Amino acid sequence: MNRVILQKGFRVVSHIFSLPTPALTHAGCSPLRTVSFPTNPTRGISNKAFERLKYQRLKTEKELSDGLNTMLVIDKEGGDAPTAAGSQKMVLKNPKGTRDFDQKQMAIREKVFRTIIDCFEMHGAETIDTPVFELKETLTNKYGEDSKLIYDLADQGGEILSLRYDLTVPFARYLAMNKISNIKRYHIGKVYRRDQPSTARGRFREFFQCDFDIAGQYDCMLSDAECLLILVQILQKLDIGKFSVKVNHRQVLDAMMEVCGVEKDKFRTICSSIDKLDKTPWDEVRAEMVGQKGLDPAVADRIQTYVVMKSQGDANAFIDQLRNDPLLSKSPTGLEALDQMRQLMSLCGCYGISEFVSFDLSLARGLDYYTGTIFEATLQGEGNAAESVGSIAGGGRYDDLVGSFDPKVSRSGKIPCVGVSVGIERIFAVMEAKLLKEKEKVRTTKTQVYVASAQKNLMEERAKLCRDLYLAGIKTEQSFKMNPKMLDQLQYCESYGIPFALVLGESEIQNKVVKLRDITTRAEELIPRDSLIETIRRKLQETQ
């Protein structure tokens with residue numbers, strides 16, 4: 001029998017239920033029409049459920065209709081509806097913008113993490129960790145218009161807290177608090193944003209970031225080029241398709257807006273609009289700048305002539321073009337930034353990554369703390385929606401952020417920082433779609449050897465052999481049944497991609513040997529027990 005569970009606060013009065021207009025009229029609200037319910041309790045609402053509706057007061061007819069449509073839960077398993085307070089049926093679901101990951105998905109994620117960490121460590125980075133929540137004042141005024149996406153937490157005893165929006169601001173707070181002026185660090189952790197989620201584009205409200213940052217006083221552009229090199233190396237090793245890295249300079253952007261006639265107090269908010277050009281047409285961006293932000297239409301049109309400009313192969317020729325521009329050439333800070341960009345592009349050539357990097361004036365990066373170079377990596381999609389995930393990594397220079405937390409740093413000198421952040425969720429969305437398309441099998445365990453028994457009553461012998469393998473550091477499994485079937489054991493090895501099985505039988509035990517079976521080729525050989533570990537290690541090395 002179907003049963004209907006109503007939300008707390010509803011009562012049942014009869015199988016045919018009518019609420020006359022006066023009973024549902026509330027002060028300041030329009031009267032409601034009579035509402036009736038069906039008489040068949042197996043298809044409609046049970047007696048107990050109607051009793052819970054009796055004293056519920058809803059202010060409008062729409063609220064009553066919506067409440068009945070959304071709060072009734074049909075339980076197909078039968079039984080009486082609960083009436084005790086707080087006993088309504090729980091709906092099992094993920095919070096909006098979050099997801100679970102199964103074994104195969106986690107195996108892919110661990111592979112991605114390992115690739116990224118190996119690259120970070122290859123460049124000499126150390127790792128740290130910080131809390132997932134910070135004092136709200138730590139995060140305030142750091143993210144421009146994106147500050148509205150910060151998750152604020154309820155007051156838990158005097159401290160006003162928020163979930164971290166990224167890993168960069170907590171890192172700057174960590175440097176200021178611990179008086180650290182030089183470090184090359186990486187950090188992998190979850191961050192939280194009240195964004196509009198999109199699973200297909202790898203956009204969530206809870207997601208991992210993989211950050212690499214260099215803090216300290218170093219010669220111009222060397223650390224910036226190192227971050228770009230790391231970014232290119234990671235994307236090459238992950239093999240997720242063609243990609244490009246756009247670079248720009250905040251001082252070039254500021255000079256551009258200054259010569260175009262943008263008021264100085266609007267620089268950052270106009271930057272936030274320009275930052276949308278990678279996913280929004282110019283006409284919409286222009287309408288936002290003019291209609292919402294009060295920019296003069298003529299100024300917006302002048303900005304357009306610059307944001308469509310980018311280097312096409314020869315970065316030096318493009319920089320010369322900008323230096324000779326009638327307007328930009330009048331900005332000393334702009335010219336200085338162009339010299340820095342020339343040095344950066346030269347270092348990219350030395351590292352052999354120039355083919356991936358382009359100088360693009362449309363790149364803005366809307367976060368307020370950037371002060372110098374900015375960069376962003378995007379995939380070059382081929383019409384596949386799964387590959388059109390937008391930005392997969394980004395970063396830049398933020399020389400003033402540490403000083404904003406420590407007045408002594410501001411007085412004694414800056415602690416310059418530059419870093420790059422890899423968006424793991426978007427990369428994972430692409431890799432998952434790629435593996436699904438190619439139907440590639442993913443191993444979810446790292447087991448190297450499976451200990452099997454060919455006859456009954458050999459559980460203790462299996463356990464002894466497993467002990468020896470564990471002590472030797474070999475990843476090993478066995479069946480948890482006392483007398484498993486041989487076919488089931490071999491099928492388990494094939495299902496989980498276990499390369500070798502060690503088969504025990506009475507004759508093998510008597511002769512002090514073990515049968516080694518290659519699961520892929522099905523070849524078998526007898527190995528003496530005293531040389532088993534050495535043989536397995538050699539076999540495993542040959543299969544790598």
Side-chain angles (χ1 to χ4, degrees), residues 97-98 109-110 112-114 116-121 123-144 146-147 149-195 204-216 223 226-227 230-231 234 365 367-371 393-410 414-425 427:
T98 66
R109 288 170 68 86
E110 290 300 323
V112 173
F113 281 136
R114 189 67 260 166
I116 294 173
I117 291 173
D118 286 347
C119 192
F120 289 161
E121 292 179 343
H123 288 261
E126 306 167 283
T127 187
I128 68 166
D129 195 14
T130 61
V132 298
F133 51 83
E134 295 275 349
L135 294 176
K136 182 175 176 60
E137 61 184 313
T138 300
L139 307 181
T140 302
N141 300 325
K142 305 298 191 304
Y143 303 107
D146 285 347
S147 293
L149 303 180
I150 294 175
Y151 270 106
D152 293 327
L153 302 179
D155 187 351
Q156 298 293 331
E159 290 187 329
I160 307 302
L161 306 173
S162 299
L163 294 178
R164 63 189 180 196
Y165 179 91
D166 64 7
L167 301 178
T168 305
V169 172
F171 173 56
R173 188 267 306 156
Y174 172 85
L175 295 180
M177 192 174 76
N178 293 282
K179 312 300 181 187
I180 297 173
S181 58
N182 289 276
I183 188 174
K184 186 188 294 184
R185 84 89 170 86
Y186 74 88
H187 186 187
I188 295 178
K190 286 185 176 181
V191 298
Y192 301 85
R193 299 180 185 178
R194 293 172 52 217
D195 205 350
F204 298 93
R205 291 182 169 180
E206 177 194 58
F207 56 95
F208 274 99
Q209 280 191 337
C210 305
D211 281 22
F212 174 93
D213 292 81
I214 301 172
S223 51
E226 180 100 348
C227 289
I230 289 171
L231 176 56
I234 287 173
R365 302 289 293 171
L367 303 182
D368 280 358
Y369 52 68
Y370 287 126
T371 58
R397 176 164 287 280
Y398 49 101
D399 289 348
D400 299 330
L401 188 56
V402 178
S404 69
F405 294 115
D406 188 349
K408 292 182 180 180
V409 171
S410 299
K414 298 178 180 179
I415 297 181
C417 299
V418 62
V420 61
S421 178
V422 180
I424 192 70
E425 308 299 343
I427 289 176

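These numbers were taken from a predicted model, which means no experiment stands behind them. The basis for the numbers below is simple: all heavy atoms, side chains too, and nothing from hydrogens, waters or symmetry mates.
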Apply side chain to side chain contact (heavy atoms under 4.5 Å, CB included) to the pair Cys417 and Asp213, showing each step before the final yes or no.
CA-CA 7 Å; Cys417 299; Asp213 292 81; 5.6 Å; no

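- Side chain of Thr98 to backbone of Glu206: no donor-acceptor contact under 3.5 angstrom is found.
- In this structure, the side-chain contact (heavy atoms from CB on, under 4.5 Å) partners of Ser223, at least two apart in sequence or on a different chain, are Ile214, Arg397, Val418.
- A salt bridge is absent between Glu137 and Lys142: the closest approach of a Lys/Arg side-chain nitrogen to an acidic carboxylate oxygen does not fall below 4.0 angstrom.
- Shown here for Gly395 and Arg365, the closest heavy-atom pair between the two residues is N-NH2, 3.7 Å.
- Leu167 and Arg185 get closest at one heavy-atom pair: O-NH2, 3.4 Å.
- Separation of atoms OH (Tyr165) and OG (Ser147) is listed at 8.0 Å; rounding is to 0.5 Å.
- Considering CD1 of Ile188 and CD1 of Ile424, their distance stands at 7.5 Å, rounded to 0.5 Å.
- For Phe120, the ring pair (Phe, Tyr, Trp, His ring centres under 6.0 Å) partners two or more places apart in sequence, or in a different chain, are Tyr186, Phe212.
- Applying the salt bridge (charged side-chain N to carboxylate O under 4.0 Å, His left out) test to Glu226 and every residue at least two apart in sequence or in another chain returns nothing.
- A distance of 6.0 Å separates CD1 in Ile150 from OG in Ser162, rounded to the nearest 0.5 Å.
- In this structure, Phe204 has no ring pair (Phe, Tyr, Trp, His ring centres under 6.0 Å) partners at least two apart in sequence or on a different chain.
- In this structure, the side-chain contact (heavy atoms from CB on, under 4.5 Å) partners of Thr138, at least two apart in sequence or on a different chain, are Glu134, Leu135, Val169, Arg173, Phe405.
- A donor-acceptor pair under 3.5 Å is absent between the side-chain atoms of Arg164 and the main chain of Val191, judged by distance alone.
- In this structure, the separation between CG on Leu401 and OG1 on Thr371 is 9.0 Å, given to the nearest 0.5 Å.
- Scanning all heavy atoms of the two residues, the minimum distance from Arg109 to Glu425 falls at NH1-OE1, 2.9 Å.
- Salt bridge present: Asp400 and Lys414 bring a charged side-chain N and a carboxylate O closer than 4.0 Å.
- By the ring pair (Phe, Tyr, Trp, His ring centres under 6.0 Å) test, Tyr369 pairs with Tyr398, sequence neighbours left out.
- In terms of the salt bridge (charged side-chain N to carboxylate O under 4.0 Å, His left out) criterion, residue partners of Glu121 (sequence neighbours excluded) are, by chain and number, Arg114.
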In a table with atom names and distances, give each donor-acceptor pair under 3.5 Å that connects a side chain of residues 176-184 to protein atoms at least two apart or in another chain.
unit_1, atom_1, unit_2, atom_2, d
Asn178, ND2, Tyr174, O, 2.8
Lys179, NZ, Asp406, OD2, 2.9
Asn182, OD1, Tyr218, OH, 3.3
Lys184, NZ, His123, O, 3.0

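- By the ring pair (Phe, Tyr, Trp, His ring centres under 6.0 Å) test, Phe113 is found to be paired with Phe208, residues two or more places apart in sequence or in another chain being considered.
- Here the shortest heavy-atom pairing between Ala215 and Phe171 reads CB-CZ, 4.4 Å.
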Carefully, step by step, assess Asp211 and Thr168 under the rule side chain to side chain contact (heavy atoms under 4.5 Å, CB included).
CA-CA 8 Å; Asp211 281 22; Thr168 305; 3.7 Å; yes

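- Glu110 meets the side chain to side chain donor-acceptor pair (under 3.5 Å) test with no other residue; sequence neighbours excluded.
- Residues passing the side-chain contact (heavy atoms from CB on, under 4.5 Å) test with Phe133 are Leu153, Leu161, Leu163, sequence neighbours excluded.
- Applying the salt bridge (Lys or Arg N to Asp or Glu O under 4.0 Å) test to every pair with at least one member in residues 151-160, sequence neighbours left out, gives these pairs: Lys136-Asp152.
- Pairing each heavy atom of Val420 with each of Cys227, the nearest pair is CG1-O, 4.1 Å.
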